[in-house]
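Below is one structure, written out as C-alpha cells; comments come after it.
Worth saying up front: this structure is predicted, and the values here are computed from it rather than measured.
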Amino acid sequence: AVRRTGRAATRVIVVSLENRRLALVEDGAVKRVYRVAVGRDTTPSPTGTFTIVRRVENPTYYHEGQVVPPGPGNPVGTRWMGLDRKGYGIHGTNAPHSIGKAASHGCIRMRQADLEELFAEVRSGDQVEIVGERNEETAAIFGGTPAMPGAATSVQTVVADAGTEPSPSAAATSAVTVTAVVPVGE
C-alpha cells in the first residue's frame with residue numbers, strides 16, 4: 001500500500017502465541033486483528049522477528065513423501081506466506097475448527113477468508129514478529145497485561161530448525177529488506 005505522500009507504508013505482522021491472534025500493523029496503527037491457530041506444545045511456533053520471503057497462491061503441499069495439489073483437501077489452504085525460517089509460514093487450513101487453538105506443526109494457521117484478505121495486504125519483505133509471552137506491545141494490541149519478569153511461560157522455544165511444517169513448492173520471489181519498523185505505541 002502506498003500513502004498519498006508517495007511513501008511506502010511500513011507493515012508489520014504481530015502474532016501473539018498466548019492470545020492466538022495476529023495483527024496487521026501499518027505505520028504504527030493496528031489495521032486488522034485475526035484469530036489464528038499456533039504450534040502445539042510438541043511442535044511449537046518459533047518466536048522472534050522474521051521476514052516474509054515467499055508468497056504463493058494455491059500452493060502444493062509436500063510432507064514426508066506426500067504431495068497434495070491445490071484444492072479443498074490441501075492442508076495449507078489457498079495461500080502460503082513463507083518466513084525466512086525454513087519450513088515455517090502463515091497459511092490457511094482445511095481444518096477451520098483448529099483456529100484459536102494450539103494445533104499446528106509450528107506455522108500460523110488462519111481461516112481462508114482472513115488469510116486471503118491478509119495476503120492481499122502484505123508483501124515479501126514485510127516483517128513478522130512472533131511473540132511467545134505477552135509484553136507491552138501485545139497487551140496494547142490484543143488486550144491484557146504484560147507478563148511479569150521471571151513468570152513461567154507456557155510457550156516453548158524452538159531450539160533447532162526442525163522444519164516441522166512442510167513448505168509449498170519453492171516459487172521464488174525476491175526478498176525486500178524492511179529498513180524501518182515503527183513499533184506500536186511510538
Side-chain angles (χ1 to χ4, degrees), residues 1 9-55 59 75-85 87-149 151-158 164-165 178 181-186:
T10 300
R11 283 177 302 276
V12 178
I13 295 171
V14 179
V15 178
S16 169
L17 299 179
E18 277 191 288
N19 294 95
R20 296 184 183 140
R21 300 274 190 278
L22 176 152
L24 175 61
V25 179
E26 192 169 288
D27 290 333
V30 177
K31 190 170 180 181
R32 302 228 192 326
V33 175
Y34 305 97
R35 289 181 58 222
V36 297
V38 299
R40 295 186 285 254
D41 286 341
T42 56
T43 55
S45 300
T47 57
T49 301
F50 306 94
T51 302
I52 294 176
V53 295
R54 183 176 301 118
R55 297 171 68 248
V76 297
T78 62
R79 303 289 185 272
W80 168 267
M81 290 179 277
L83 304 180
D84 59 347
R85 173 91 180 243
Y88 292 94
I90 300 168
H91 61 76
T93 183
N94 63 354
H97 61 277
S98 69
I99 301 303
K101 299 176 182 171
S104 80
H105 289 105
C107 284
I108 307 303
R109 290 183 188 169
M110 298 181 72
R111 294 178 200 273
Q112 288 305 133
D114 293 346
L115 176 70
E116 290 177 9
E117 181 179 271
L118 180 67
F119 188 90
E121 296 284 328
V122 302
R123 300 290 172 257
S124 290
D126 286 350
Q127 210 168 48
V128 178
E129 296 175 13
I130 302 178
V131 181
E133 70 178 40
R134 197 172 290 115
N135 59 26
E136 287 184 24
E137 179 185 26
T138 59
I141 294 171
F142 304 109
T145 57
M148 298 297 293
T153 177
S154 62
V155 179
Q156 300 174 11
T157 302
V158 174
T164 56
E165 190 78 24
V178 175
V181 175
V182 181
V184 174
E186 282 193 5

> Are side-chain N/O atoms of Thr49 and Gln127 paired as donor and acceptor at under 3.5 Å?
Replying inline: no

>> So, taking the atom named NE2 in His91 and the one named CZ in Arg79, what distance separates them when rounded to the nearest 0.5 Å?
In response: 14.5 Å

>> Ile90 and side-chain contact (heavy atoms from CB on, under 4.5 Å): which single residue from Ile108, Ile130, Val36 fits?
In response: Ile108

> Does a side-chain heavy-atom distance below 4.5 Å link Ile99 with Asp114?
Replying inline: no

> Any sub-3.5 Å donor-acceptor pair from Arg40's side-chain atoms to Ala103's backbone N or O?
Replying inline: yes

> Is there a donor-acceptor contact under 3.5 Å from the side chain of Glu26 to the main chain of Thr10?
Replying inline: no

> For Val12, does its backbone N or O pair with a side-chain atom of Asp126 as donor and acceptor, under 3.5 Å?
Replying inline: no

> Taking 4.0 angstrom as the limit, do Glu121 and Arg11 come out as a salt bridge?
Replying inline: no

> Does Arg123 use its side chain to pair, donor to acceptor, with the backbone of Ala120 at less than 3.5 Å?
Replying inline: yes

> Is a side-chain N or O of Ser16 found less than 3.5 angstrom from the main chain of Val131, in a donor-acceptor match?
Replying inline: no

>> Could you report the tightest heavy-atom contact between Ile141 and Ala23, atom names first, then the distance?
In response: CG2-CB, 3.6 Å

> For the residue pair Ser104 and Thr43, what are the closest heavy atoms and their distance?
Replying inline: O-OG1, 2.9 Å

>> If you compare all heavy atoms of Phe50 against all heavy atoms of Thr47, which two are closest, and at what distance to 0.1 Å?
In response: CZ-O, 3.6 Å

> Does the side chain of Glu18 come within less than 4.5 Å of Thr138's, by heavy atoms?
Replying inline: no

> So, does Arg55 use its side chain to make a donor-acceptor pair with the main chain of Phe119 at under 3.5 Å?
Replying inline: yes

> Are the side chain of Thr51 and the backbone of Val53 linked by a donor-acceptor contact shorter than 3.5 Å?
Replying inline: no

> How close do Gly77 and Pro59 get, heavy atom to heavy atom, and via which atoms?
Replying inline: O-CD, 3.6 Å

> Under 4.5 Å between any side-chain heavy atoms of Arg32 and Leu118, yes or no?
Replying inline: no

